[in-house]
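In the text below, chain A, chain B and the rest are named by the order of the sequence lines, each starting its count at 1.
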2 protein chains.
Amino acid sequence: MAVMTRNAPAPAALDEAALDAALKALASAQRREILRFLASRAAESGKTCCTQDEVCACKLSEHLGLVASTVSHHMSVLKDAGLVSARKDGTWVYYSVIRDALAAVAAEINTL
Amino acid sequence: MAVMTRNAPAPAALDEAALDAALKALASAQRREILRFLASRAAESGKTCCTQDEVCACKLSEHLGLVASTVSHHMSVLKDAGLVSARKDGTWVYYSVIRDALAAVAAEINTL
DNA sequence: ACTAAACTTCGACAAGTATCGAACTAAGGA
DNA sequence: TCCTTAGTTCGATACTTGTCGAAGTTTAGT
């Protein structure tokens, strides 16, 4: 489900509030590192909690050296900004980047 | 409007610190409004202090409804981030957008 | 039911940011 | 020289953000 337009035609224009949230979310080195980590799929492959293109919060915690509550905070900022999606499965939460959203932000910057 | 397809060679990759400064600068509605205002050339034309593609600080102050010192603060954030350039002429300072810098930030976001 | 694991929410504190008014600097006139 | 105009710098205050540890929630296993 929800694979949809891989051809990424129109990333859908953002309103000012959405752009603001996205840029505030991106204006943090830790959160950009999270996005890069998700984008790289972290694919140290068959670990217990991560599938091929998703990463669980515990991996992020380990990777960044931050406690779980801090990671949770960053993830909710990214989620609220529409830059990542979360999928819960059992006790784990798998995150992945929403590439179209990043593309939309990039497009908005170019039209500033 | 919009001069469009400039050959946009290579906007030059940003290092992490430059990207951080640029995104922090962009993560403010007031500063984005400043960039839009500069980009539109504000060209209410032949006013006393603004040339065709540049805007003086006093115009920004008026446009945003902020006192001069606050505008000065925002402009130095934008300057330090490399997103605008300033040219002093007499008692006025003319600002203009550095479009390549915005393009570089957009490109970095797309490669996150 | 009890326990453990994986998150999230809450409360607190430190650090950073936005804004103002006041004081300062620089440039052009009268 | 004195005065005015355009901006910058400084100091204060209010707001926002990043981070932690502690407590709460949800899910799975025994």
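Here B:His73 lies in heavy-atom contact (under 4.0 Å) with a base. Nucleic acid contact class of A:Ala57 (heavy atoms, under 4.0 Å, all strands): sugar-phosphate only.
Residues meeting the side chain to side chain donor-acceptor pair (under 3.5 Å) test with B:Ser85, sequence neighbours left out: B:Ser96. The salt bridge (Lys or Arg N to Asp or Glu O under 4.0 Å) search around B:Arg31 returns none, not counting sequence neighbours.
Residue A:Gln30 places at least one side-chain N or O under 4.0 Å from the OP1 or OP2 atom of D:dT19. Between A:His74 and D:dT19, a side-chain N or O to OP1/OP2 separation shorter than 4.0 Å is present.
Atom-to-atom, CG of B:Leu23 to C1' of C:dT17 comes out at 16 Å; the value is rounded to the nearest Å. Nucleotide C:dA27 holds its C1' atom 15 Å from the CZ atom of B:Arg87, rounded to whole Å. In this structure, B:Glu33 atom CD and C:dA18 atom P are separated by 16 Å, rounded to whole Å. Look at CD1 on B:Ile34: it is 11 Å from P on C:dA18, rounded to the nearest Å. Rounded to whole angstrom, the span from the CG atom of B:Leu26 across to the C1' atom of C:dT17 amounts to 16 Å. Rounded to whole Å, the distance from OH on A:Tyr94 to P on C:dC7 is 8 Å. What separates CZ of A:Arg31 from C1' of D:dT19 is a distance of 12 Å, to the nearest Å. Between the CG atom of A:Asp20 and the C1' atom of D:dT16 there is a distance of 12 Å, rounded to whole Å.
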#### Entry: Nucleic acid footprint by protein, nucleotides 21-30 of chain D - heavy-atom cut-off 4.0 Å, B for base, S for sugar-phosphate alone
BB---SBS--

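Relative to the side chain of B:Lys24, the nucleotides C:dT17, D:dT8, C:dT8 differ in distance, and C:dT17 lies closest. Side-chain proximity of B:Tyr95 to the nucleotides C:dT8, D:dT8, D:dT17 is greatest for D:dT8.
Across all non-hydrogen atoms, the minimal contact from B:Val105 to B:Ala22 is CG2-CB, 3.6 Å. A:Arg32 and B:Asp20 get closest at one heavy-atom pair: NH2-OD1, 2.7 Å. The two residues A:Tyr95 and A:Ala86 come nearest to each other via the heavy atoms CE2-CB, 3.5 Å. When all heavy atoms of A:Val77 and A:Ala25 are compared, the closest pair comes out as CG1-CB, 3.8 Å.
Positionally, the nearest nucleotide of DNA chain D for B:Ser72 lies more toward the 5' end than for the other of A:Ser28 and B:Ser72.
For the pair A:Arg36 and B:Glu16, the salt-bridge criterion is met [side-chain N within less than 4.0 Å of a carboxylate O].
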